[in-house]
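Remarks on the structure that follows.
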Amino acid sequence: MRRRFVLFFIWLVVWLTTDVLAGTFDGRVFFSSGVFSFRQKNFREMYGQLPLLNLGLEIFPGKNYGLGLGIVYLSGQGQALVISGEPDQVFKLRFSRWSVPLTFKLRMVKGKFAVQASVGGAFSFIQERWPELGLWQKERNFHLRYEVGGDFRPARKLVLKLILAAENISGSHNSPALFGAQPDLGGFSLQLGLAYQFKIK
Amino acid sequence: MFLTIIPILPAQPKNGLLLVQVLKGQPGLERILSGLKITILQEMNSFYLVLVDREEASWLRSQGFRIHFLTPYQPGKYYYLTRITSVEEYRQVSALGQVIRLEERDCLLVTDEVVDGRFPLSVRWKPLSSVARAADFAQPLSPAFKSREVDEALEQLASEISRDNLRDLVTHLQNFGTRYVYTQNCQAAADYIFNYFSSLSLQPRFHEFTYGGSRLKNVVVDIPGQTYPDQVVVLCAHYDSISSARWTQAPGADDNGSGTAAIMEAARVLSSRPHDFTVRLVAFTAEEIGLVGSRYYASTAEVTKDKVVAVINLDMIAYADALPEDLDIITNEYSNWLAERAVNSTVVYGPVAARKIVAPAFVYSDHASFWEVGLPAICAIEDEDVHNPYYHQTTDTVDTLNFDFFLSATRGAVVCGSEVAQLLRPGRPATPRNFSLTLTTYASIFNYIKKVKLSWSPVPGAAGYNVYRSRFSHSGYERLNAQPLSQAEFVDIILPADWPFYYTVTAVDSLERESNMTKELVVAPGVVYFNNSWFLGNSGLIKRK
């Protein structure tokens, strides 16, 4: 299933790139920030909301479809969950994730406003550390990413962006914090950003 | 005196189950068996005898484990382990039922009825346990016990064990004529042992039970420990005997008047000495009809892992077929630490040569009843293979015994018991009391840790404390603190592991003299059960498909 998806995605990228090279396109570079929240309750309990930064590029060869590429970084501090015994000490945790999403975008423009929906994949590097103990675990993961968003263009080359993203990230190891269940390291993020719009012929 | 009536019969089969051999030494096997709570009926030298249903057998195979089907485990059938050493014995045993060869001389006998009293006298046998064992006993062998210099207090103890007393005691036991379990003489022998313990100002008790319609009794006596009386070191031997003329003449001087006399003599020399732990002396009945006395006793509430530190079983320790004779110490992997100590004490304080034999398939004496409930136990015996030509004969009498060897074997066993029970020596700091452990487990997305908080009562006059940790029970301890601790508590953080962690503490005085160790506390391996489906291991969580 994953292999088919990857093949489809490569085909989509090739097709869109060919499209881009063949004609003119709109492009946007944007920077956004927001918060990320794990889907799993126990993970939210440990880390709460994590701050997130996103640097991205969007290219629209057609009026209503395009490609998005970005770098997302989220990081935060939390504390270990007590799964048995009396909690008489707090152990700090640090979680960080770098993601490189590549998404196919559809949009609908109405004057200065636009709404868009995206679906694609992302490659993520995840790290969790127990700083007091020097204990860490790293994980690399390819996963799905979905986005919906809204744009408002107050000036010709300036766009305000609102992005709501969701991800499914199946962990390769089962999680002690979930009492043995397989973790979903994904969640939801809400971002506000500013984009610079340009056009290339 | 206390009473238990617990039906102990040969294995009572359930429907749809299979008896299979699972080869030992397969990576991760014990973790899987333990995690899935698969029933291990018997540990043999090279495999586990395991009870599984067809689904479990298929699953184990699908995971690449090598298993060998033996026989269906059927209702209405009875299962025995037996050691067959000759063609004639095979012929006689196979007349009782189906014989399935397991390994070397050990076989499985499947019968349609109880055949307890019908085995040839030369054949060792035991009903196959119907008690499930956890696989948590499967640990690597503990490190070798480092011989110490001769301890004066222990040497004094050994020197007080009297050859004359041993001779008198075993002669007295022989003079009952027979101690076959269903005879009045056997009851009289029990009373004699009871009265002997009473004469030492101890408070013995009978452990009575009903078996085969008869009232039988073990004799139990405690020498209470001073620091941790709930921790018990058991020295035991069976006092019943058997022969071809069992109803009238079964003198059983070597088997097992010798072991019984040894524990009676142990009572005399140990009763006046203070120990940290309780020394319990038990004379079992009905060993010769299938370890019945010890199996009943091992099923009582007083025999649990958190109470019984060690079991030293003495069975036939006075016959020397060749000189110099050596004492065989039979052990399983789990009890290796105890066997190491027994060998050391026998060699140093016997003094006589001793040979450790790791043979979990040797289940033909009372120590096996304790193995079945997961306790460390050893059997001291003159020879693993019977070399005594008077074995189970009417000629097993005192005049065939070698009292030099008997004395040495008794000294070794008694000193070992005293050492494990921790003889208190004057001039040393007191052993810290009330040693306790609290455990908190913290988890993150990918990892978890265990925080182990140890505490104990301060020892008056102590300059500090040492904390020790080991992955082996009673051996391989490493000190965790560089300098003696001034506080009576300690915190240790450990990462998940597939093995347990054992802790103990000592007190040290200003002259750097160290006390005995506290009782041992253990943090279980990093295995957590999740609805029977999930469990944690060192290499992550494993799911049963």
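Naming convention: chains lettered A, B, ... in sequence-line order (proteins, then strands); numbering from 1 in each chain.
Both the backbone and the side chain of I445(B) come within contact range of chain A, with heavy atoms under 4.5 Å apart.
Side chain of T440(B) to backbone of E86(A): a donor-acceptor contact under 3.5 angstrom is found.
A side-chain donor-acceptor contact under 3.5 Å links E128(A) and S444(B).
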Are L81(A) and Y448(B) close enough, and set up right, to give a side-chain contact (heavy atoms from CB on, under 4.5 Å), and what steps lead you there? CA-CA 9 Å; L81(A) 207 62; Y448(B) 72 110; over 6 Å; no
Mind running side-chain contact (heavy atoms from CB on, under 4.5 Å) on I449(B) and F91(A) for me, showing each step along the way? CA-CA 10 Å; I449(B) 62 160; F91(A) 285 98; 3.8 Å; yes
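Surrounding CZ of R66(B) are at most 12 heavy atoms belonging to other residues, nucleotides or ligands under 6.0 Å away.
Counting heavy atoms from C-beta on, the side chains of Y442(B) and I83(A) never come closer than 4.5 Å.
Once rounded to the nearest 0.5 Å, the distance linking OG1 of T438(B) with CG of D88(A) reads 7.0 Å.
Across P183(A), A177(A), P87(A), the residue that shares the most heavy-atom pairs under 4.5 angstrom with chain B is A177(A).
Close approach to chain B, defined as a heavy atom under 4.5 Å from one of its heavy atoms, is seen in W130(A), L133(A), L135(A), W136(A), Q137(A), E139(A) of residues 129-139 of chain A, taken by number. Among residues 33-45 of chain A, the residues having any heavy atom closer than 4.5 Å to a heavy atom of chain B are, in sequence order, F38(A), F43(A).
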